[in-house]
K.L.:
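Take a look at this one; I'll ask things after.
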Amino acid sequence: MKLLEGFHLGTGALLLLALLVILFLWRSHPLLARQSLIASSRALIQLSLLGVALLWIFEHDSWFFNLIALLLMLLFASLEAKESGFSRRPRLILFLVLGGSSLIALPLGLLTQTLSGSSREFIPIAGMVVGNSLSAYLLCAKTLQEQLLGNLPLIEGKLALGDTLAHATQEERQRTMERAMLPLLNNLKNLGVIFIPGAMTGMLLAGFEPMQAASLQLSIMLLLFFGSLSACYITSHYLYKEVFYIPRFQG
């Protein structure tokens, strides 16, 4: 019964409510309802498995398990990035893109002592960094595709005049970076004014001093910013050629 210890009964009630909402949507919005059902089911299964895994990892606190957990996060993130269909690059390249952005943010966290080698601290924050890097990649890739395809005649005109592909697409790639980073920048701008993020809320509920919770939350948000910015930069500066190889432009 140790595995079920701490499970909140309210979670079961919210899952039931979510199921009722999905059933309500099924008739008028079947695609949305199906996607919601899949997403909710995956969340339930994945978080349950994560809880079991972390219970064991925390009891065997080790850098080896931290590294294994990080590699698994990056592996699944690269699979998700590949399934998005925004890039024809091999999964290994996407793994390196997400890994590179994470390896910029996480060492900064260690150097500034925002996180330690403890599994209880490292794994959750590493998951946040990898997850936000994945979200940044997906948003950046989608925006980049829209920008380049929307201005394809102009870009082809520049290329016909002898311009390089990098220079011909410079403005579109700059706009892509700005739009892809906008959600995270808005979060930073409104931090502590409109909403209190999860880490700070959790620390306050656990009884930590408000300034201590605020300091840690700011540090985490900056780590997420560095990771997401790195993912966007790598995508817009090194993967932009992929848009010219999507199926609709072949043949």
Side-chain angles (χ1 to χ4, degrees), residues 4 6-52 73 75-89 91 94 98 124 127-152 172 175-191 193-202 205 221 224 228 231-232 235-236 239 242-243 245-251:
L4 296 178
F7 185 83
H8 199 273
L9 292 178
T11 304
L14 288 173
L15 284 173
L16 179 59
L17 179 60
L19 180 60
L20 293 175
V21 171
I22 291 171
L23 292 175
F24 176 78
L25 287 173
W26 201 278
R27 186 170 184 178
S28 57
H29 302 280
L31 179 59
L32 176 60
R34 189 178 301 110
Q35 291 174 338
S36 300
L37 181 60
I38 293 173
S40 301
S41 301
R42 283 186 58 174
L44 173 62
I45 295 171
Q46 290 167 181
L47 285 175
S48 299
L49 292 175
L50 176 63
V52 174
M73 292 175 195
L75 174 62
F76 284 108
S78 62
L79 292 175
E80 185 70 24
K82 181 64 177 177
E83 291 301 318
S84 68
F86 294 126
S87 175
R88 297 175 72 246
R89 293 280 186 178
R91 292 184 178 90
L94 298 175
L98 297 171
M128 293 171 67
V129 170
V130 174
N132 275 268
S133 296
L134 173 62
S135 298
Y137 162 78
L138 293 175
L139 180 57
C140 187
K142 183 178 185 298
T143 306
L144 180 63
Q145 191 177 90
E146 293 172 350
Q147 286 288 317
L148 293 179
L149 294 183
N151 295 284
L152 192 59
E172 287 75 17
R175 285 196 292 267
T176 293
M177 282 279 296
E178 293 167 359
R179 294 185 182 183
M181 290 300 298
L182 187 59
L184 190 53
L185 288 174
N186 283 334
N187 284 342
L188 274 174
K189 182 172 63 177
N190 297 313
L191 196 64
V193 177
I194 298 177
F195 71 101
I196 301 177
M200 185 173 180
T201 301
L205 292 175
M221 288 299 295
L224 300 183
S228 298
C232 283
T235 302
S236 62
L239 299 184
E242 296 298 310
V243 74
Y245 299 102
I246 62 174
R248 61 180 291 190
F249 286 98
Q250 293 182 356

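Values below: all heavy atoms of this structure, side chains included; hydrogens, waters and symmetry mates excluded.
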K.L.:
Apply side chain to side chain contact (heavy atoms under 4.5 Å, CB included) to residues Ile38 and Arg42 and explain how you reach the verdict.
P.N.:
CA-CA 6 Å; Ile38 293 173; Arg42 283 186 58 174; 4.1 Å; yes
K.L.:
So which atom in Ser133 and which in Ala231 form the shortest heavy-atom distance, rounded to 0.1 Å?
P.N.:
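Ser133 and Ala231 have their closest heavy atoms at O-CB, 3.7 Å.
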K.L.:
If we only count heavy atoms from C-beta on, is the Leu98 to Leu134 side-chain gap below 4.5 Å?
P.N.:
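Of all side-chain heavy-atom pairs linking Leu134 with Leu98, at least one is under 4.5 Å.
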K.L.:
As an exercise, state the distance from OG of Ser228 to CE of Met221, rounded to the nearest 0.5 Å.
P.N.:
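Between atom OG of Ser228 and atom CE of Met221 there are 9.0 Å.
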K.L.:
Which residues pass the side-chain hydrogen bond (donor to acceptor under 3.5 Å, both in side chains) test with Gln147, not counting sequence neighbours?
P.N.:
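Testing Gln147 for side-chain hydrogen bond (donor to acceptor under 3.5 Å, both in side chains), a comparison that skips the adjacent residues, returns Arg175.
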K.L.:
Please report the interatomic distance CD(Glu172) to CE(Met177), rounded to the nearest 0.5 Å.
P.N.:
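Answer for the CD-CE pair, Glu172 versus Met177, is 15.0 Å.
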K.L.:
For residues 24-36, which side-chain N or O atoms pair as donor and acceptor with protein atoms under 3.5 Å away, sequence neighbours left out?
P.N.:
from: Ser36; atom 1: OG; to: Leu32; atom 2: O; distance (Å): 2.8

K.L.:
Hey, what do you get for CE (Met181) to CG (Asn186), rounding to the nearest 0.5 Å?
P.N.:
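CG of Asn186 is found 10.5 Å from CE of Met181.
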K.L.:
Rounded to the nearest 0.5 Å, how far apart are CG of Asn151 and CD of Glu146?
P.N.:
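Reported to 0.5 Å precision, the distance equals 11.5 Å.
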K.L.:
How far apart are the closest heavy atoms of Val130 and Met73, and which atoms are they?
P.N.:
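Reported closest heavy-atom pair: CG1-O, 4.0 Å.
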K.L.:
Contact between Cys140 and Ser236 at the side-chain level, heavy atoms closer than 4.5 Å - yes or no?
P.N.:
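Yes, close enough: below the 4.5 Å cut-off.
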K.L.:
Return the set of residues passing side-chain hydrogen bond (donor to acceptor under 3.5 Å, both in side chains) with Thr235 (not counting sequence neighbours), or none when no residue passes.
P.N.:
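If we apply the side-chain hydrogen bond (donor to acceptor under 3.5 Å, both in side chains) test to Thr235, skipping adjacent residues, there are no hits.
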K.L.:
Taking Ser40 for its side chain and Leu37 for its backbone only, find out whether a donor-acceptor pair lies under 3.5 Å.
P.N.:
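Not confirmed, Ser40 side chain does not pair with Leu37 backbone.
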K.L.:
Just how far is it from atom CG of Leu49 to atom CD1 of Ile45, taken to the nearest 0.5 Å?
P.N.:
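Between Leu49 CG and Ile45 CD1, I get 7.5 Å after rounding to 0.5 Å.
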